[in-house]
Amino acid sequence: MQVSHPVYDVVVVGGGINGVGVAVDAVGRGLSVFLCEKDDLASHTSSASSKLIHGGLRYLEHKEFRLVHEALVEREILLAKAPHIIRPLRFIMPHQPHLRPAWLIRTGLFFYDHLGKREKLAGSNHITFDAATSPLKAEITQGFEYSDCTVDDARLVVLNAIQARERGAHIATQTRCTSAYRENGLWVVHLENMQGSYTVQAKALVNAAGPWVAQFIQQNLKQKSPYGLRLVQGSHIIVPRIYDGDKAFILQNDDQRIVFAIPYLDQYTLIGTTDHEYQGDLNKVAITQPEMDYLLDVYNDHFKHQLAPQDILYTYSGVRSLCDDESDNPSAITRDYTLALAQEQGAPLLSIFGGKLTTYRKLAESAMTHLQPFFPTMKKPWTEKALLPGAENLVSVELLIQQIVQAVQDVSFELASRWAHAYGSRVWGFLNGVSISDELGGGVGHGLFAKEVDYLVDQEWARTSQDILWRRTKLGFQFSTDEIQLLDQYLLKLLIKRSQDTAA
Ligand SMILES: Cc1cc2nc3c(=O)[nH]c(=O)nc-3n(C[C@H](O)[C@H](O)[C@H](O)COP(=O)(O)OP(=O)(O)OC[C@H]3O[C@@H](n4cnc5c(N)ncnc54)[C@H](O)[C@@H]3O)c2cc1C
């Protein structure tokens, strides 16, 4: 029997921020798109970040002016595209005169204020600390303040994937690309999921496999990687909230690195990150003891309140896939992205090296520029002004919180706020017509309602409790093992029901 394999314009391998960014841009320009992700969306580097949409102040020191300029411009663009998941954040930089002179920091901040378009975010200023109220040690008396933004990184990925799907892209999670080869001017792409294996064809293949980018070229495509790759591990620790206020700190360390302490989910402080060459299993990246000690030391050098290892509630680690620029020092390797186009028999392969969450949209536009000669009828760039799902009809997140509180009787402000920030105006997708919180299908626990879980499964590709608790929501901190088991049982029943519905 002849098996027909659908032909797409573009197949994207990888459902991190870069893969979904390319998918959404391509489909919006009129191309047919298929994206495969071997695990859950954002289950690797794109959910292990410092969760900042930032210019990257420290990259100025490495003279990465192109990258910083692009990232600074993107801050305001992304803030407008997704104000529910991206928020302005003020950063305090304690001044340590023996590390960097004040004039150098002032100059850096001047550039930071002016290199990109800045309309919504406040500029930088000098500050003095009041010894009685400052959380910093008494000897730190002065510093600087500037603006960047914080983002829910995993949700940024999911929202782009939703937008791609709504414009016609096929998004296949839990689906691995096992191999691909060129035949008659097309890519033949082999895929594998729980149900078995299948094949699709593509006019162009985009390799957005993140840390696996070079491995994918060598092992799955049996070709030579055009660039060397440096895999650099970065880890974070999460501790109970250690200071009042909603500002973040950027701490300069005497190894010339910086470490952030960022308010996280109201009750916590996120501290990171590290930079270490990584050689282990990319599927099992975990913080090491020296990394924990390093982060605690940098924090303890600055703050009055001292942290001990037992204060660490949770840790996470990710691997940056950086284009090898032969720097000796992992933290000095460029964070800019490089796109490599390989073209034989008319079927292009575009591989993505490096990148940042902040610059994913520009990276996708650049990917489209590379692919344009193969798709001459491709439409113009469109993503700059396009709102991400949930930002439509969103006057402000504060107003949405009020509307939820009015519409859903008995709902707490905290829950309404979590919903508004996670889903924006899409929250009505599962709150529609419901007026009493108890009617939402019974609490699964800690403000997670069955209706929300159903929505996450039906609309956001969630399959496991991990997907829901750590990436779609950030409720994982609150769930006990028993509660996770209950959620898993609920999910199992729901997924069986959904597959029966599909088969019927
Ligand atoms: C510690 C740390 C902190 C960071 N902080 C920030 C920050 O604050 N701000 C910022 O802008 N950037 C930050 N970054 C950078 C940013 O997180 C990354 O640049 C970005 O997430 C990379 O996305 P990606 O899509 O390339 O990779 P990934 O998110 O890793 O996605 C690649 C995907 O490809 C999939 N895949 C691989 N092989 C296959 C296959 N054969 N078939 C199917 N799927 C496959 C993987 O499962 C994976 O999900 C940070 C990075 C790290 C490590």
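Start at 1 and go down the list; that is how both ligands and their atoms are numbered.
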Specify the protein heavy atom at minimum distance from [atom]: its residue, its atom name, and the distance to 0.1 Å.
atom	result
atom 26 (O) of ligand 1	Asn18 ND2, 2.9 Å
atom 44 (N) of ligand 1	Lys38 N, 3.1 Å
atom 11 (O) of ligand 1	Thr358 OG1, 2.7 Å
atom 51 (C) of ligand 1	Arg320 CG, 3.7 Å
atom 5 (N) of ligand 1	Ser50 N, 2.9 Å
atom 31 (O) of ligand 1	Gly16 CA, 3.3 Å
atom 16 (C) of ligand 1	Leu357 N, 3.8 Å

Heavy-atom proximity to [atom], best of [options]:
atom	options	answer
atom 1 (C) of ligand 1	Gly234, Gly355, Ser317	Gly234
atom 9 (N) of ligand 1	Asn220, Leu52, Leu35, Leu41	Leu52
atom 33 (C) of ligand 1	His44, Glu37, Lys356	Glu37
atom 3 (C) of ligand 1	Cys177, Ala154, Ser49, Gly14	Ser49
atom 22 (C) of ligand 1	Gly318, Ser46, Gly210	Ser46

If the cut-off is 4.0 Å to any non-hydrogen atom of [X], which atoms of ligand 1 fall inside it?
X	result
His54	7 (C), 9 (N)
Ile17	20 (C), 21 (O), 23 (O), 25 (O)
Asp39	47 (O)
Thr175	43 (C)
Thr273	1 (C)
Phe216	41 (N)
Ala209	32 (C), 34 (O), 37 (C), 38 (N)

For ligand 1, is there an N or O atom under 3.5 Å from any N or O atom of [X]?
X	value
Pro211	no
Thr45	yes
Ser321	no
Ile53	no

Check Tyr198 against Ala172 and note the closest heavy-atom contact, atom names and distance.
->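 Between these two residues, the closest heavy atoms are OH-CB, 4.0 Å.
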Minimum heavy-atom distance Pro88-Leu121, with the two atoms named |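 Between these two residues, the closest heavy atoms are CB-CD2, 3.5 Å.
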Regarding Arg165 and the six-membered ring of Trp461, is the cationic atom NZ or CZ under 6.0 Å from the ring centre and inside 45° of its axis?
->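 Yes, cation above the ring, under 6.0 Å and within 45°.
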Between Arg75 and Tyr112, is NZ or CZ placed under 6.0 angstrom from the six-membered ring centre and within 45° of the ring axis?
->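 Satisfied, under 6.0 Å and within 45°.
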Worked verdict on Gln233 versus Glu291 for side chain to side chain donor-acceptor pair (under 3.5 Å) | CA-CA 10 Å; Gln233 173 176 9; Glu291 286 183 297; 3.2 Å; yes
Lys/Arg N to Asp/Glu carboxylate O, Arg155 vs Glu460, below 4.0 Å =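 Glu460 and Arg155: salt-bridged.
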Just to be sure I read this right, does ligand 1 sit under 4.0 Å from the backbone of [X], its side chain, both, or neither, counting only heavy atoms?
X	answer
Lys51	backbone
Ala208	backbone
Ala48	backbone
Val13	side chain

Full working for ring pair (Phe, Tyr, Trp, His ring centres under 6.0 Å) between Phe260 and Phe91 = CA-CA 9 Å; Phe260 294 113; Phe91 281 77; 5.5 Å; yes
May I ask whether Gln215 places a heavy atom under 4.0 Å from ligand 1?
->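 Contact absent.
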With distance as the sole criterion, is a donor-acceptor pair present between the side chains of Ser147 and Arg90 under 3.5 Å?
->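 Result is yes, a qualifying pair exists.
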Do we see a donor-acceptor contact under 3.5 Å between the side chains of His236 and Ser50?
->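 There is such a pair between these side chains.
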Under the 3.5 angstrom rule, does the side chain of Thr369 hit a backbone N or O of Glu365 as a donor-acceptor pair?
->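 Flag set: sc Thr369 to bb Glu365 pair under 3.5 Å.
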Identify which one of Ile238, Val285, Thr273 satisfies the side-chain contact (heavy atoms from CB on, under 4.5 Å) criterion when paired with Tyr316.
->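 Of Ile238, Val285, Thr273, side-chain contact (heavy atoms from CB on, under 4.5 Å) with Tyr316 is met by Ile238 alone.
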